[in-house]
2 protein chains.
Amino acid sequence: MASTLHDVAKLAGVSFKTVSNVVNDYPFVRDQTRSKVLAAIEELDYRPNLQARSLRLGRTGMIGFAVPELSLPYFAELAAQVIEAAQRHDLTVLTEQSIPSRAGELEILSSPRRRMTDGLIFNPLWLEDRDIPQLEAAGPVVLLGEALFPGTMDQVVMRNVEASRYATEYLLETGHKRIAAIGADLSKPGGSPHFRLEGYRQALQAAGIAFDLNLVGEATPWHRLDGARSMRHVLGRGDPPDAVFAFNDTLALGAIHALQEVGLRVPFDVSVVGFDDIEEAQYSFPELTTINPGRSSIAELAVTALARRIADRGAVPHLSEPDFHLVVRKSVMPRSHS
Amino acid sequence: MASTLHDVAKLAGVSFKTVSNVVNDYPFVRDQTRSKVLAAIEELDYRPNLQARSLRLGRTGMIGFAVPELSLPYFAELAAQVIEAAQRHDLTVLTEQSIPSRAGELEILSSPRRRMTDGLIFNPLWLEDRDIPQLEAAGPVVLLGEALFPGTMDQVVMRNVEASRYATEYLLETGHKRIAAIGADLSKPGGSPHFRLEGYRQALQAAGIAFDLNLVGEATPWHRLDGARSMRHVLGRGDPPDAVFAFNDTLALGAIHALQEVGLRVPFDVSVVGFDDIEEAQYSFPELTTINPGRSSIAELAVTALARRIADRGAVPHLSEPDFHLVVRKSVMPRSHS
DNA sequence: TTTCAGGTGATCAACGTTGTAATTCAGAAC
DNA sequence: GTTCTGAATTACAACGTTGATCACCTGAAA
């Protein structure tokens, strides 16, 4: 079937180790020998057996990439970027989906797939501080998301609080007074929902506007459906808001849907700002003004950090915080007040 | 570090082969021995080294899943389903992205990743009949998409022609006369664009309506952006259509965007039907009427077919054609003509 | 008591690769 | 011509697992 070092060696008339040396660019091979071997490799279409190499080397050349839901555009787009970044580092990506619960995420860490990978890029939603031991036991890991475990793990985090504060300030500066927040999870002390709400709260406070729980819509997970449902709840509580800060873009699109259902036009009646800058935000109606949390660099930073960690397990934990920026499109309309 | 059969054997006071027998449920192991071994396995948290097992067995337990673009919702959702289906078959999925060209897709077939997988589920867009030899050389493969290679390969195909014809007939029956087709690729003889246009054409012909090239918008690839651009082209050619059949949902959403840009309301002025039934179709505005090509079963059928092919390379090629249906939502409004 | 069958367990050789170390070889220096 | 040096090549032993084979032991039948 597939040819091996031995087959090539026999054809080239050298020992199989010499073939191995050629394959691995060992410098002390005579040119004449090298070309003989290369010709044989060519003729037999030899490709190294990666399982054997992995066994010998103790490395597989694969990394895991685990996210809560691949069907969420943000994660799908991130997966595509991680696969590309990994390819540049000669790594292959094994994409995994975690069941959305603490147990489900712990399972990712102990999955048999951990034995197939040299490391893991992981965006947990439910893990807590007490899970650090298990994280550390899972081998090289780079965490995505928020700075849950400062100083103890490699992480690529979003500036959730600052970015959310910035988005809310933008709505305030453009004259909005009643700004709804969609996507909160009041029962959870950490995580994106918490930090994005915190940024929203800070902006309100700085502007001297009272935080009003009636304007806060809870939503988990963060699908369109949940955004629409959450928006409906808020609308059901009384006077509609004049703006919405949604904690991610899919929520924002769901919220827009719910607003349109009751005849509120975006941005004429209600402005909307999202978070993530998924591709779709450019083509939604209206085109979505949103926070870009440094997307283009997240995948590359994560892969680089993981490669470094794999090479040197003792390296001091590294925290990357890519810059965010607001992408202004058409879902916000300035208000003037008399 | 990680413990091996030998470590467990030493602790349990048996030979390492006995441990292997326990792990592999070899029947002739005394209960007493078995429990001793299991206790040792437990204590050392032994997990088999999958690389070593792969090397020995000649199988990796991984399958490849290759699609043109993971960031397209249809493929992202499909990937999630394939990963789940594979898990049920005790298989791990290695997700890959093909560069959108014939060369890029051939590269998938000869990639070093083929050496890491037992088989491949592949949705090519650009391969041709003459590439069959390379497909066959790539080991067990199940093709997704259209019936390009009838009888020679395992395939899970969509009923592209029939479903497109059905969608177009639906628009005709609801009183539409000028139906645009968005997503054609007139330069390519096969593939989804070709077959979906063919279905559209058949429906028109059966209804005695002339096929009008001015109503056909070309688009590659099938992103929102392309749908919007293609729609604008068609609109620029003269009288607007009263309906649009878009060859997939993202194109449909882009087309809706372009229609709204010029003040045409969907569905009041123009009806729109899509293809794929991606999640987003439920939450777009308006909610999208679309063809569901049998999504729920495609992933499972593909994984099952691949598992079968891996187990028996000589099996006769199998063609699955899941049923499609039209999901009626809110993007179509019946027209009455005086 | 002996024989035999079959349950139980151990020995050994792969699978295909790479690191270590030993060996051969060619050319230069004496 | 001998010796030395470093380049070029090879032998061998892992890596951790499973299949084939062999050896042992126990209990039942003769």
Side-chain angles (χ1 to χ4, degrees), chain A residues 1-41 44-62 90 92 112-118 139, chain B residues 1-41 44-62 90 92 112-118 139:
Chain A
M1 208 71 215
S3 46
T4 73
L5 287 179
H6 292 85
D7 300 328
V8 176
K10 200 182 325 176
L11 181 61
V14 296
S15 84
F16 76 97
K17 180 69 227 222
T18 297
V19 180
S20 168
N21 287 336
V22 170
V23 171
N24 293 287
D25 286 321
Y26 180 70
F28 301 126
V29 178
R30 216 182 307 167
D31 283 349
Q32 182 187 346
T33 316
R34 184 184 308 276
S35 47
K36 242 188 338 187
V37 169
L38 287 175
I41 287 179
L44 296 177
D45 188 31
Y46 166 76
R47 316 282 191 87
N49 179 311
L50 301 178
Q51 274 67 45
R53 183 179 275 175
S54 295
L55 173 59
R56 181 61 234 239
L57 257 25
R59 289 184 287 100
T60 65
M62 294 198 289
D90 282 320
T92 298
R113 277 177 290 282
R114 291 288 68 70
R115 298 289 314 242
M116 319 179 88
T117 57
D118 299 333
Chain B
M1 210 69 218
S3 46
T4 73
L5 286 179
H6 291 85
D7 301 327
V8 176
K10 201 182 327 174
L11 181 62
V14 297
S15 86
F16 78 94
K17 181 66 230 230
T18 298
V19 180
S20 168
N21 286 337
V22 169
V23 170
N24 293 288
D25 286 322
Y26 180 70
F28 301 125
V29 179
R30 217 180 306 166
D31 282 350
Q32 182 187 346
T33 315
R34 185 186 305 275
S35 47
K36 246 191 333 190
V37 170
L38 287 175
I41 286 179
L44 295 177
D45 189 31
Y46 166 78
R47 318 281 193 86
N49 179 311
L50 301 178
Q51 275 68 44
R53 183 178 276 176
S54 295
L55 174 58
R56 180 61 234 242
L57 257 25
R59 289 184 288 102
T60 65
M62 293 197 291
D90 280 320
T92 298
R113 276 177 290 282
R114 290 289 69 69
R115 298 289 315 242
M116 321 179 84
T117 56
D118 299 334

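All chains are named by letter (A, B, ...) in the order of the sequence lines, taking the proteins before the strands, and each is independently numbered beginning at 1.
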Atom [atom1] of [X] to atom [atom2] of [N]: distance rounded to whole Å?
{"X": "A:Leu50", "N": "C:dC15", "atom1": "CG", "atom2": "P", "result": "18 Å"}
{"X": "B:Asp31", "N": "C:dG7", "atom1": "CG", "atom2": "P", "result": "14 Å"}
{"X": "B:Lys10", "N": "C:dA10", "atom1": "NZ", "atom2": "P", "result": "15 Å"}
{"X": "A:Arg56", "N": "C:dT20", "atom1": "CZ", "atom2": "C1'", "result": "9 Å"}
{"X": "B:Gln32", "N": "C:dT8", "atom1": "CD", "atom2": "P", "result": "11 Å"}
{"X": "A:Phe28", "N": "D:dA8", "atom1": "CZ", "atom2": "C1'", "result": "9 Å"}
{"X": "A:Asn49", "N": "C:dA14", "atom1": "CG", "atom2": "P", "result": "17 Å"}
{"X": "B:His6", "N": "D:dG16", "atom1": "NE2", "atom2": "P", "result": "9 Å"}

Exercise. Could you grab the distance from atom CG of B:Leu44 to atom CG of B:Leu5, nearest 0.5 Å is fine?
Key: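 Rounded to the nearest 0.5 Å, the CG-CG separation comes to 11.5 Å.
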Quiz item: Between B:Leu55 and B:Pro27, which is nearer to the 5' end of DNA chain C once each is assigned its nearest nucleotide?
Solution: B:Pro27
Heavy-atom pair of closest approach, residues [X] and [Y]:
{"X": "A:Asp7", "Y": "A:Thr4", "answer": "OD2-N, 2.8 Å"}
{"X": "A:Ser3", "Y": "A:Tyr46", "answer": "O-CD1, 3.3 Å"}
{"X": "A:Arg34", "Y": "A:Pro27", "answer": "NH2-O, 3.8 Å"}

Quiz item: When you measure from every atom of DNA chain C, which of residues 11-24 of chain B have a heavy atom less than 4.0 Å away?
Solution: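 Close to the strand are B:Val14, B:Ser15, B:Phe16, B:Lys17, B:Thr18.
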Exercise. Under 4.0 Å between any heavy atoms, over every strand shown, what does B:Leu57 touch: base, sugar-phosphate, or nothing? Just pick one.
Key: sugar-phosphate
Quiz item: Just by distance, do the side chain of A:Arg115 and the backbone of B:Arg47 share a donor-acceptor pair under 3.5 Å?
Solution: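 Answer holds: yes.
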Quiz prompt | Exam field: side chain B:Thr60 to backbone B:Ser54, donor-acceptor pair closer than 3.5 Å | solution =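 No; zero donor-acceptor contacts below 3.5 Å.
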Quiz item: With nearest nucleotides of DNA chain D determined for B:Tyr26 and B:Gln51 from heavy-atom distances, which residue corresponds to the more 5′ nucleotide?
Solution: B:Gln51
Quiz item: Is there a side-chain contact between B:Thr92 and A:Met62 (heavy atoms, below 4.5 Å)?
Solution: no
Quiz item: Does A:Arg30 get its side chain close enough to the base of D:dA7, under 3.5 Å, for a donor-acceptor pair?
Solution: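 Checked by distance alone, the answer is no.
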